[in-house]
Structure formats: structure tokens, C-alpha cells
Amino acid sequence: RDAYQRPFALVKHPSGTVAVVIASYPEGDSLVDRETLDQQVARWGLWLSQLSQETGVVAASVTIESVPDSGTRLRREVEQRIDPAAPQLAQLVLEDVIDSYKEGAAQVRAWITITFDPAKMGVKRRDESQIARDIGSRLPGLTQGLGATGGGALHLVAVHELCRIARVAYDPASEALFDQAAAENTQVDIDFSQVGPTGAVAGWDTYRHDSGLSRTWVMTAPPRGAVQSSVLSRLIAPSRDVDRKRVTLLYQPISAGRAPDLVEKDVNQALAGVASSNRPTQRKQAELRSAQQVAREEADGASLVDFGIVITATTQDGDIDDVAAAINALASSARLQVRPAYGAQDTAFAMGLPFGLRPSSDSLVKWSK
């Protein structure tokens, strides 16, 4: 439990790091004025910059998943509010709404994961109880900073919720059972030994797992030029061409001691690119201006954060190639350069889940500043 006595789960990795998962219910940008959006973007940038100053935090991620809505939640909410004495016509209209709304509807889920390295937390005794207490004392401050970023209501994810996330990811057909159990106010009793796939085959560019077939892409180049706050809107929004889509942004804070050397190295490389040509291209000149701007902001006290993006699309009965065409179109609309994680589909699939797994510096994810 954290300092507010809220229960939370710790995910322990083989490398020794631990992660905390925070469920978010984003407010969206509909009917939100530009000034408010700019403030939310600024506060999100501030929250990311504070991660590099938080002792022991080595990574963070944001996972946004869009999945088909079974309609069970809507039916439960409406049926609980229907007055038995209401006119029969009104009841028939509500029943028709329940039956028709779920067709083509989608729900969006979001999680924010923070990964800690106990070896860098300054904990004298690195037993699990001491680590949990130390992290619990920090969570109120970390979650409070998220409240003003447009993330909406937040709650710390418990163990049974993590089990459901993993089980549904590997076995999409099981989601209907979880929805039905929630409608009956019943909690499904499973643990982590039961959430992995009963069978899986990792192909060169696909990953077959229980009732799902997935393909995962990784970012090879970030958007170029000026990046607006809506650049990823179409990519993360529900798509009628992709049943299940999960977009994960991976963040790796860079310590204040390493940041100056890295930004100066980028400036020197950009200068060399411009100087090596008699007529440097506009792109090279833009890269130089961008590197110089980053160096100025870092010198003024800004933090440096590397980021990567993992995109996973899952289908139960469709053609994965048709889904892939839709993902490529969505990535292009976001000005992202992506490619399938060839030969590492199972690893990339797990990397996209909100469990705090970290890619190494020489892994399949290409970091960008």
C-alpha cells in the first residue's frame, strides 16, 4: 500500500527491476480548447522531466489499447437503472439501444507504468518489503503530477487486474468471460501462472498465441519537423480496420550527468553533416537547428528523455496482412517510420504490454530524443 493506503501490485523482473502499473481513464480532447490542451501537454512534459530527477526510476511507458466492446458493461449499467414501472415502449427503446450500440463500438484503455531499479534507489536493505515501502511513499507524488496532464481518473492496478491484462492479451477470446464475470459481480480468481498462452508460435513476422494472431511493429524514426500534440491521434484512436490495437510509448530518462555530453555529441554530428556538403539539404539544416535547440534547452535546465514506440495489432479471425496495411497507413499519418520486429515478435509483443519491460540500448527498439 502507498502513503494513501491504496493497494498496488509490484511486477518484479528477472533483471531485478520492479514496476508499478497505473490505470488511466483519459479525458480525450473533444470540446477542449487549445489553451487547455497546451497546458496539459506542458504538464506532461514536466512530469516526464521529473522522472530523471526521481532516484531509482529507470523507465516509464504509456500503453493505449483499443478493443471491441462486448456491450456487457453497457447492458449492466442500463438494466440497473430501468424502472420496472416505466412504459413498455420506453423499455423496448432501451433494449434496442443496448443491442445496437455494441455493434462496431470500441473501448479504449490506458496504463502508465513506472519502472524502478532497487540498486539505484538508495535502499539500504533491498528486501521486497523495504522496496515496496519506499516506492509506496513516492507514488502519491507521481500520481498527483499525472492528474493535470489530461489522464483523467487514475488508480493503482492490483494483482488480479494485471492477471486479466495479460490473460486477455494472450487469449483475446477470454475477454467475454471476464466481462460476464464483472456483470455478475464475480472476481475471476487467477494468478500469473495461468495467464500466459497455453501454446504460442513465434514466426518471422507474426506471433500466434492461443486465440489471437498478432504482428508487432517498432519505430525506426520519429516524426520529423514540428510535432503537434495531435500527431498520434489517429494512430491511438480506435480503427474499424483493426480489431485490437495496442500502442506503447517507451520512455528512458537520462541522468543529468550524462545529458550534456549527449546533446553536444548530437550538435557535433549535425554540424559535421552540414559542413560535409557544399549545398546542405534543408533536412540537414533542420537537424542542426533541432540539435542546437535541444542543447540550449538542456543548458537551461530541461531534462533529456529517450523514447521508442511499439505497435501491436491482434486479430482473432481476420487476415493479418489486411490489418498490417491499416497499421502502416496509421503510422504514416503520424509521420512515423515503423517496421515489423522481424525474428523477435514474441519479445516485442511482451514489450508492448504495460508491465515495465525495458529494451536494452542495443535491442530491437530504436531510441530517439
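No hydrogens, no waters, no symmetry mates; every other heavy atom, side chains included, goes into these values. Please read all numbers here as calculations on a predicted model, not as lab measurements.
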request  = Determine the minimum heavy-atom distance between Val195 and Cys163, stating which atoms define it.
outcome  = CG1-O, 3.3 Å

request  = Take Glu175 and Ser211 through the side chain to side chain contact (heavy atoms under 4.5 Å, CB included) test and state the conclusion after the steps.
outcome  = CA-CA 11 Å; Glu175 182 152 33; Ser211 60; over 6 Å; no

query = Taking side chain as C-beta onward, heavy atoms only, is Gln252 less than 4.5 Å from Val305?
reply = no

remark   = On a heavy-atom basis, the closest approach of Phe349 and Ala169 is CZ-O, 3.4 Å

key: side chain to side chain contact (heavy atoms under 4.5 Å, CB included) evaluation trace for Val338 with Thr220   = CA-CA 5 Å; Val338 300; Thr220 58; 5.7 Å; no

key: Donor-acceptor pair, side chain of Ser332 and main chain of Asn328, under 3.5 angstrom   = yes

ask   = Can you tell if the side chain of Ile112 reaches within under 4.5 Å of the side chain of Trp47, non-hydrogen atoms only?
value = yes

key: Heavy-atom donor-acceptor pair, Thr206 side chain to Gly203 backbone, under 3.5 Å   = no

inquiry  = Looking at Gln5, I want to see if its CD is surrounded by more than 12 non-hydrogen atoms of other residues, nucleotides or ligands under 6.0 Å.
reply    = yes

task = Please report the closest heavy-atom contact between Leu250 and Pro359, naming both atoms and the distance.
result = CD1-CG, 3.9 Å

ask   = Can you find a heavy atom in the side chain of Leu139 that is under 4.5 Å from one in the side chain of Leu156?
value = yes

request  = Please check if atom CD in Gln144 has more than 12 non-hydrogen atoms from other residues, nucleotides or ligands closer than 6.0 Å.
outcome  = no

query = Cluster question for you: counting only ILVMFWY and a side-chain heavy-atom cut-off of under 4.5 Å, with indirect links fine, are Phe307 and Val58 together?
reply = no

ask   = Would you say the side chain of Val242 lies within less than 4.5 Å of the side chain of Ile327, judging by non-hydrogen atoms?
value = yes

key: Salt bridge present between Arg296 and Asp300 (N-O < 4.0 angstrom)   = no

ask   = Quick one: are Arg244 and Pro68 in side-chain contact, heavy atoms under 4.5 Å?
value = yes

remark   = Interatomic distance, CG@Leu249 vs OG1@Thr63, rounded to 0.5 Å, equals 8.5 Å

key: Spacing of Asp83 atom CG and Leu94 atom CG [to the nearest 0.5 Å]   = 11.0 Å

inquiry  = Quiz question: by atom type and distance under 3.5 Å, do the side chains of Ser61 and Thr248 form a donor-acceptor pair?
reply    = no

task = Take Arg34 and Asp38, measure what salt bridge (Lys or Arg N to Asp or Glu O under 4.0 Å) needs, and give me the verdict at the end.
result = CA-CA 6 Å; Arg34 172 52 55 184; Asp38 291 342; 3.6 Å; yes

note = The residue among Thr312, Thr347, Thr314, Asp346 that forms side chain to side chain donor-acceptor pair (under 3.5 Å) with Thr216 is Thr312

inquiry  = Check this for me: Asp189, atom CG, are more than 12 non-hydrogen atoms of other residues, nucleotides or ligands nearer than 6.0 Å?
reply    = no

task = Please name the pair of heavy atoms, one in Leu330 and one in Arg234, separated by the smallest distance, quoted to 0.1 Å.
result = CD2-O, 3.6 Å

ask   = Do the side chains of Leu48 and Tyr251 get nearer than 4.5 Å, heavy atoms only?
value = yes

ask   = Transitively linked via ILVMFWY side-chain contacts under 4.5 Å: Val157 with Leu146?
value = no

Ignoring hydrogens and angles, write down the donor-acceptor pairs under 3.5 Å from the side chains of residues 6-23, residues two or more places apart or on other chains.
| unit_1 | atom_1 | unit_2 | atom_2 | d |
| --- | --- | --- | --- | --- |
| Arg6 | NE | Asp2 | OD2 | 2.8 |
| Arg6 | NH2 | Asp2 | OD2 | 2.7 |
| Arg6 | NH2 | Thr143 | OG1 | 3.2 |
| Lys12 | NZ | Glu128 | OE2 | 3.3 |
| His13 | ND1 | Thr17 | OG1 | 2.8 |
| His13 | NE2 | Phe355 | O | 2.7 |
| Ser15 | OG | Thr17 | OG1 | 3.2 |

note = Nearest heavy-atom approach of Gln53 to Ser303 is NE2-OG, 3.9 Å

inquiry  = Do Asp171 and Thr198 have side chains that approach each other closer than 4.5 Å (heavy atoms only, starting at C-beta)?
reply    = no

query = Would you call Arg138 and Asp134 a salt bridge, taking side-chain N to carboxylate O under 4.0 Å as the test?
reply = yes

key: Hphob cluster co-occupancy, Trp111 + Val57, side-chain heavy atoms under 4.5 angstrom   = no

inquiry  = If only side-chain N and O atoms count, and only distance matters, is there a donor-acceptor pair under 3.5 Å linking Ser214 with Arg246?
reply    = no

ask   = In Å, rounded to the nearest 0.5 Å, how long is the span from CZ of Arg167 to NE2 of His160?
value = 15.5 Å

inquiry  = Run the side chain to side chain contact (heavy atoms under 4.5 Å, CB included) test on Leu142 and Ile114 for me, step by step, so that the C-alpha distance in whole Å, both residues' side-chain angles and the decisive distance to 0.1 Å come before the verdict.
reply    = CA-CA 9 Å; Leu142 290 170; Ile114 306 173; 3.8 Å; yes

message = Looking at every heavy atom in both Pro197 and His209, which two are closest together, and how far apart are they?
response = CB-CB, 4.3 Å

message = Within the 4.5 Å heavy-atom criterion, are Asp205 and Arg215 side-chain neighbours or not?
response = yes

ask   = Where the side chain of Gln194 meets the backbone of Asp191, is there a donor-acceptor pair that is under 3.5 Å apart?
value = yes

task = Determine yes or no for a side-chain-to-main-chain donor-acceptor pair under 3.5 angstrom, with Asp96 supplying the side chain and Leu92 the backbone.
result = no

ask   = Salt bridge between Glu65 and Lys245, side-chain N to carboxylate O under 4.0 Å?
value = no

inquiry  = Assess the residue pair Ile165 and Tyr170 against the criterion (side chain to side chain contact (heavy atoms under 4.5 Å, CB included)); give the C-alpha distance rounded to whole Å, side-chain angles, the decisive distance to 0.1 Å, and a yes or no.
reply    = CA-CA 9 Å; Ile165 293 171; Tyr170 285 103; over 6 Å; no

request  = Flag yes if Leu213 and Val201 sit in one hydrophobic cluster, no otherwise; membership is Ile, Leu, Val, Met, Phe, Trp, Tyr, and two members link when side-chain heavy atoms are under 4.5 Å apart.
outcome  = no

ask   = In terms of heavy-atom contacts, does CZ of Arg339 have more than 12 from other residues, nucleotides or ligands at under 6.0 Å?
value = no

Donor-acceptor pairs under 3.5 Å, side chain of residues 282-293 to any protein atom, not counting sequence neighbours: which ones?
| unit_1 | atom_1 | unit_2 | atom_2 | d |
| --- | --- | --- | --- | --- |
| Glu287 | OE2 | Arg224 | NH1 | 3.0 |
| Gln293 | NE2 | Glu297 | OE2 | 3.1 |

